[in-house]
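Written below as structure tokens is the structure these notes are about.
Convention: sequence-line order gives letters A, B, ...; per-chain numbering from 1. No hydrogens, no waters, no symmetry mates; every other heavy atom, side chains included, goes into these values.
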Amino acid sequence: MTMILPVSFYQREDVVQVARDLLGKVLVSSFDGIRTAGMITETEAYAGERDRASHAWNGRRTNRTEVMYGPPGRAYVYLCYGIHHLFNVVTNREEVPHAVLIRAIEPLDGIAVMQARRGMQVAGPSLTAGPGVLTTALGIRTHHSGLSLQGEPLYIEDRGIVIPEWESTPRIGVDYAGEDALLPYRFYITGNRYVSKLK
DNA sequence: ATGTCGATTTGCT
DNA sequence: GCAAATCGACATA
């Protein structure tokens, strides 16, 4: 039993709940007929205007963040540190810039292709454990920002995978966010090897 | 095993 | 000018 997550999944008001529910769902890319996919193992919620860690904090609105103010269920991809493409899904309703960052996946389909894209000789957790590396493995770039996630080339599906256990912690790399840096908005599957390592 | 540092676009001051 | 929702190369131990 497999189905693409409908817009109603993303449209919910609680972005933190959506972040948790995305654990165990499967992120699929199908560019140039090449299909790659992985189970989402780690996410982070970003609560828009009220969240100092969000690009949309205090209603900040730029060319880059415009897609977060659009309809839910679309990709928000941006360049981090000038080199890494980070993939998020837009949630809530239009004009409410909430989003969930996908931080890690466990490879399922097209592993050889992902290895080639990453330039790795042998597979291992570093293939897709981390927000910057999973986008490379799946071929996701900033020009995909704004894409609907309702079908090819990019979507998230429910394959009926049941998550045994999950945990939450503060988010990674948002020390600049003051008190909001302490919010338990990061979620990951307990014990999974494909979760980003803390440095 | 742990630490420092460079890459390099976008947005804020 | 500077810092950023990161990663990997290289150094030192």
Completion exercise
Separation between CD1 (A:Ile105) and CZ (A:Phe87), nearest 0.5 Å, reads 10.0 Å
Handout entry: Sugar-phosphate, base or nothing in reach of A:Arg64, heavy atoms under 4.0 Å
Key = sugar-phosphate
Problem - Nearest-angstrom distance, C1' atom, C:dA3 to B:dC5 - result: 15 Å
Handout entry: Interatomic distance, A:Trp57 CH2 vs C:dA4 P [rounded to whole Å]
Key = 14 Å
Exercise for the section: Kindly say if A:Arg118 contacts the phosphate of C:dG8, meaning a side-chain N or O under 4.0 Å from OP1 or OP2. Expected result: yes
Handout entry: pair A:Phe31-A:Thr36: side-chain heavy atoms closer than 4.5 Å
Key = no
Handout entry: Short side-chain N/O contact from A:His55 to OP1 or OP2 of B:dG11, under 4.0 Å
Key = no
Handout entry: Ion pair check, A:Arg159 and A:Asp109, cut-off under 4.0 Å
Key = yes
Exercise for the section: Kindly check if the number of other-residue, nucleotide or ligand heavy atoms within 6.0 Å of CD (A:Glu13) is above 12? Expected result: no
Exercise for the section: Indicate the atoms forming the closest heavy-atom contact of A:Ile156 with A:Leu27, along with that distance. Expected result: CG1-CD1, 3.7 Å
Exercise for the section: Please state how far atom CD1 in A:Ile83 lies from atom C1' in C:dG8, giving the value in whole angstrom units. Expected result: 9 Å
Fill in the blank from the handout: Applying the Watson-Crick and G-U criteria (both distances under 3.5 angstrom) with [ ] for crossing and | for other-strand pairs, one obtains for DNA chain C ||||.|||||||.
Completion exercise
Picking from C:dA5, C:dT6, B:dG11, the nucleotide nearest the side-chain atoms of A:Tyr78 would be C:dA5
Problem - Selection: residues 84-110 of chain A, any non-hydrogen atom under 4.0 Å of DNA chain C - result: A:His84, A:Leu86, A:Asn88, A:Leu101, A:Arg103
Practice task
Tell me, yes or no, whether the heavy-atom count around A:Glu95 atom CD, taken from other residues, nucleotides or ligands under 6.0 Å, exceeds 12.
Solution key: yes
Completion exercise
Taken to the nearest whole Å, NZ/A:Lys197 to P/C:dG8 is 10 Å
Exercise for the section: Report the distance from atom OH of A:Tyr81 to atom P of B:dT4, rounded to the nearest whole Å. Expected result: 16 Å
Problem - A:Thr41 (side chain) donor-acceptor with A:Ile189 (main chain) under 3.5 angstrom - result: no
Practice task
Round to the nearest Å and state the distance from A:Asn63 atom CG to B:dT10 atom P.
Solution key: 9 Å
Problem - Pairwise C1' distance for C:dG8 and B:dT10, with rounding to whole Å - result: 22 Å
Exercise for the section: May I ask you to list the residues of residues 18-27 of chain A, by number, that have any heavy atom positioned under 4.0 Å from an atom of DNA chain C? Expected result: none
Handout entry: SB check A:Arg171 A:Glu44 (cutoff 4.0 Å)
Key = no
Exercise for the section: In plain terms, say whether A:Glu167 and A:Arg20 are close enough for a salt bridge, that is, a side-chain N and a carboxylate O under 4.0 Å apart. Expected result: no
Handout entry: Distance, P atom - from B:dG6 to C:dC2, rounded to whole angstrom
Key = 14 Å
Exercise for the section: May I have the distance from A:Arg60 (atom CZ) to C:dA4 (atom P), rounded to whole angstrom? Expected result: 12 Å
Problem - A:His55 vs A:Arg64 side-chain heavy atoms within contact, under 4.5 Å - result: yes
Problem - 5' priority, DNA chain C, between A:Ser126 and A:Glu44 [closest heavy atom] - result: A:Glu44
Completion exercise
Atom CZ of A:Arg141 and atom C1' of C:dT6 are separated, to the nearest Å, by 15 Å
Problem - Short N-O contact, A:Asp21 and A:Arg12, less than 4.0 angstrom - result: yes
Exercise for the section: Please determine if A:Arg186 and A:Glu42 form a salt bridge, counting it only when a charged side-chain N lies under 4.0 Å from a carboxylate O. Expected result: yes
Handout entry: For atom CD1 of A:Ile172 and atom C1' of C:dC7, their distance in whole Å
Key = 14 Å
